[in-house]
Amino acid sequence: MSKQQRKRGQWWDVWGRLRRNKVAMVSIALLLLIILAAIFSELITPYGYMERDLTNTFAFPSLEHLFGTDNLGRDIFSRVLVGGRISLLVAFGSVLLSAAAGSLLGAAAGYYGGRVEFGIMKLTDIMMAIPAFLLAVTVSAAMGTGLMNTVVAVGLTNIPRFVRLMRAETLSVKGNEFILASRASGGSDLYIILKHIFPNALSSTIVNVTLGVGTAILQISGLSFVGLGVRPPTPEWGSMLASGRTYMRDFWPMVTFPGIAIVVTLMLFNLAGDGLRDAMDPRLKR
C-alpha cells in the first residue's frame, strides 16, 4: 500500500468515526448553515443592513421584521446575519494567523532546542501569564480599532496554544528514522519541518483551529463591546450588544438576538471541535 493510500485510509477512518458522532455531525451541519447564511445574507433578507426607516423604530419581531428593528429603524435580522459574516471572517483570520505563527515558532523550539527553545518558550510563558482578553485589549488599544487590527490583536492571544502544541508534536517525532534519513539525504531544516513535522501535527492543529474559532468569536465580541474592536456602523455581534445595552430594559430584541447568535455559534464550534478531537484520536476507535 502506497503512502498516499495509507493517508486516504486514515482520513476515511476519521470520517467514519466522526459520522457516528451525531452531536458533532449536527453541530457541523448547523455551523455550515450559519456560515452560508452569513455569506449570502444580502440574498436572504429583503432589507439592507444600513437601510433606515425612522418611522418604524423599536419595532418588535413580526413577519415584516423577523427580529424587529433597532433605534434607527434598521432591520435587526439583516444586521445579525451581516454581523455574523464580520465576526466569522475576523475569527477565522485571527485563528489562521495564530496557527501559522504559533506552529512555526513551536516547530523551531522543538526542532532546534537550546537557546532557541528557551527564548521562545519563555516568551510563550509570559504571554500565557497575561489573561487573553486583557492582552487583546492592550494590543487593540495600542494599534487602534478596525478589522485588520482586531485580527492581529485576537491572533496574538492565541499564539501560545499553537506554540505548545507544535513543540510537543515536534519533540515526539524529531528523533524518528524518517527525520534522520531526510537530514542525512541533505534536506534543509525548513524542508524537514514543512514536509515531515507539520503533517504529523495536522490533525491536532485542525482540532485546535476549530476550538480556537469559538474562543476568537467571544474575544472579538468582547473587544467590540468595549469599543476596541469593530466600530459602528459596521454590524458585528459585540458592537450590536454595545449599541443595544442602552435600550435593554425597554426593548429586548436589540441585545437578545445578537447574544443568542454568539452563544449558539460558540457552542456549535465547541461541540464540533470536541467531535473532531474524538474522531482524530486513533485510541478512540470502536
Side-chain angles (χ1 to χ4, degrees), residues 27-28 30-42 44-45 49-50 74 76-103 127 130-162 205-245 255 257-270 272-273:
S27 299
I28 292 172
L30 291 175
L31 277 177
L32 290 175
L33 183 63
I34 290 173
I35 292 172
L36 289 174
I39 292 174
F40 300 104
S41 55
E42 282 88 353
I44 297 174
T45 60
Y49 69 92
M50 290 295 292
R74 297 172 299 192
I76 297 176
F77 180 62
S78 302
R79 292 181 64 78
V80 167
L81 288 184
V82 177
R85 184 170 59 192
I86 301 296
S87 296
L88 290 170
L89 178 64
V90 177
F92 276 111
S94 63
V95 172
L96 291 177
L97 173 64
S98 58
S103 296
M127 292 179 66
I130 305 172
F133 185 69
L134 178 59
L135 180 60
V137 167
T138 304
V139 174
S140 185
M143 296 180 61
T145 59
L147 291 179
M148 289 306 301
N149 290 344
T150 304
V151 168
V152 174
V154 176
L156 285 176
T157 66
N158 290 312
I159 285 178
R161 73 159 65 187
F162 290 100
T205 302
I206 291 174
V207 171
N208 271 269
V209 165
T210 305
L211 295 172
V213 170
T215 303
I217 289 175
L218 194 60
Q219 291 176 330
I220 293 161
S221 299
L223 286 175
S224 298
F225 185 81
V226 299
L228 292 173
V230 181
R231 299 294 298 273
T234 302
E236 193 277 329
W237 290 336
S239 64
M240 292 178 68
L241 286 176
S243 300
R245 62 182 169 179
V255 294
F257 292 113
I260 290 175
I262 294 172
V263 172
V264 170
T265 306
L266 181 62
M267 180 183 67
L268 291 176
F269 270 110
N270 287 336

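Just so you know, these numbers use all the heavy atoms, side chains as well, and skip hydrogens, waters and symmetry mates.
- Across Ser27 and Ala272, no two heavy atoms sit closer than the pair CB-N, 4.0 Å.
- Relative to the ring axis of Phe257, Arg79 does not place its NZ or CZ within 45° and under 6.0 Å from the centre.
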Working note: Asn208 + Thr205, criterion side chain to side chain contact (heavy atoms under 4.5 Å, CB included); need CA distance, chi angles, decisive distance, verdict.
CA-CA 5 Å; Asn208 271 269; Thr205 302; 5.7 Å; no
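- Residue Phe40 holds its CZ atom at 11.5 Å from CD1 of Ile35, rounded to the nearest 0.5 Å.
- Side-chain atoms of Asn149 come within 3.5 Å of backbone N or O of Gly144 as a donor-acceptor pair.
- Annotation: Phe225, atom CZ; neighbour count of heavy atoms from other residues, nucleotides and ligands within 6.0 Å is above 12.
- Residues Leu268 and Val264 have side chains in contact (heavy-atom distance under 4.5 Å, counting atoms from C-beta outward).
- Residues in residues 93-102 take part in no salt bridge (charged side-chain N to carboxylate O under 4.0 Å, His left out) pair, two or more places apart or across chains.
- Of all non-hydrogen atoms in Asn158 and Ala216, the two that sit nearest each other are ND2-CB, 4.4 Å.
- Gly273 approaches Leu211 most closely through the heavy-atom pair CA-CD2, 3.7 Å.
- Trp237 approaches Pro258 most closely through the heavy-atom pair O-CB, 3.9 Å.
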Pair Val209-Phe162, side chain to side chain contact (heavy atoms under 4.5 Å, CB included): steps then yes or no
CA-CA 9 Å; Val209 165; Phe162 290 100; 4.0 Å; yes
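- Shown here are the salt bridge (charged side-chain N to carboxylate O under 4.0 Å, His left out) partners of Arg161, two or more places apart in sequence or in another chain: there are none.
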Result block: side-chain N/O donor-acceptor pairs under 3.5 angstrom for residues 83-93, not counting sequence neighbours:
| from | atom 1 | to | atom 2 | distance (Å) |
| --- | --- | --- | --- | --- |
| Arg85 | NH1 | Ile39 | O | 3.4 |
| Arg85 | NH1 | Glu42 | OE1 | 3.1 |
| Arg85 | NH2 | Glu42 | OE2 | 2.8 |
| Ser87 | OG | Gly83 | O | 3.0 |
| Ser87 | OG | Glu236 | OE2 | 2.8 |

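- Closest non-hydrogen pair, Leu241 versus Gly259, comes out as CD2-N, 3.8 Å.
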Walk me through it: do Leu266 and Ile217 pass the test side chain to side chain contact (heavy atoms under 4.5 Å, CB included)?
CA-CA 7 Å; Leu266 181 62; Ile217 289 175; 5.5 Å; no
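- Listed for the Ser224 side chain is a donor-acceptor partner under 3.5 Å among the backbone atoms of Val230.
- Side-chain atoms of Thr157 come within 3.5 Å of backbone N or O of Val154 as a donor-acceptor pair.
- The structure places CG of Leu135 at 11.0 Å from OG of Ser140, a figure rounded to the nearest 0.5 Å.
- Listed for the Ser78 side chain is no donor-acceptor partner under 3.5 Å among the backbone atoms of Arg74.
- Annotation for Leu81 and Ser41: closest pair CB-CB, 3.6 Å, computed over non-hydrogen atoms.
- Remark: Leu31 CG to Leu36 CG distance equals 11.0 Å, nearest 0.5 Å.
- To the nearest 0.5 angstrom, Leu97 atom CG is 7.0 Å from Leu156 atom CG.
- Between the side chain of Ser103 and the main chain of Ala99, a donor-acceptor pair closer than 3.5 Å is present.
- Within 6.0 Å of atom CE in Met148, 12 or fewer heavy atoms from other residues, nucleotides or ligands are found, so the atom counts as exposed in its surroundings.
- One finds the CG atom of Leu147 at 9.5 Å from the CD1 atom of Ile220 (value rounded to the nearest 0.5 Å).
- Without hydrogens or angle criteria, Thr265 side chain to Ala261 main chain gives a donor-acceptor distance under 3.5 Å.
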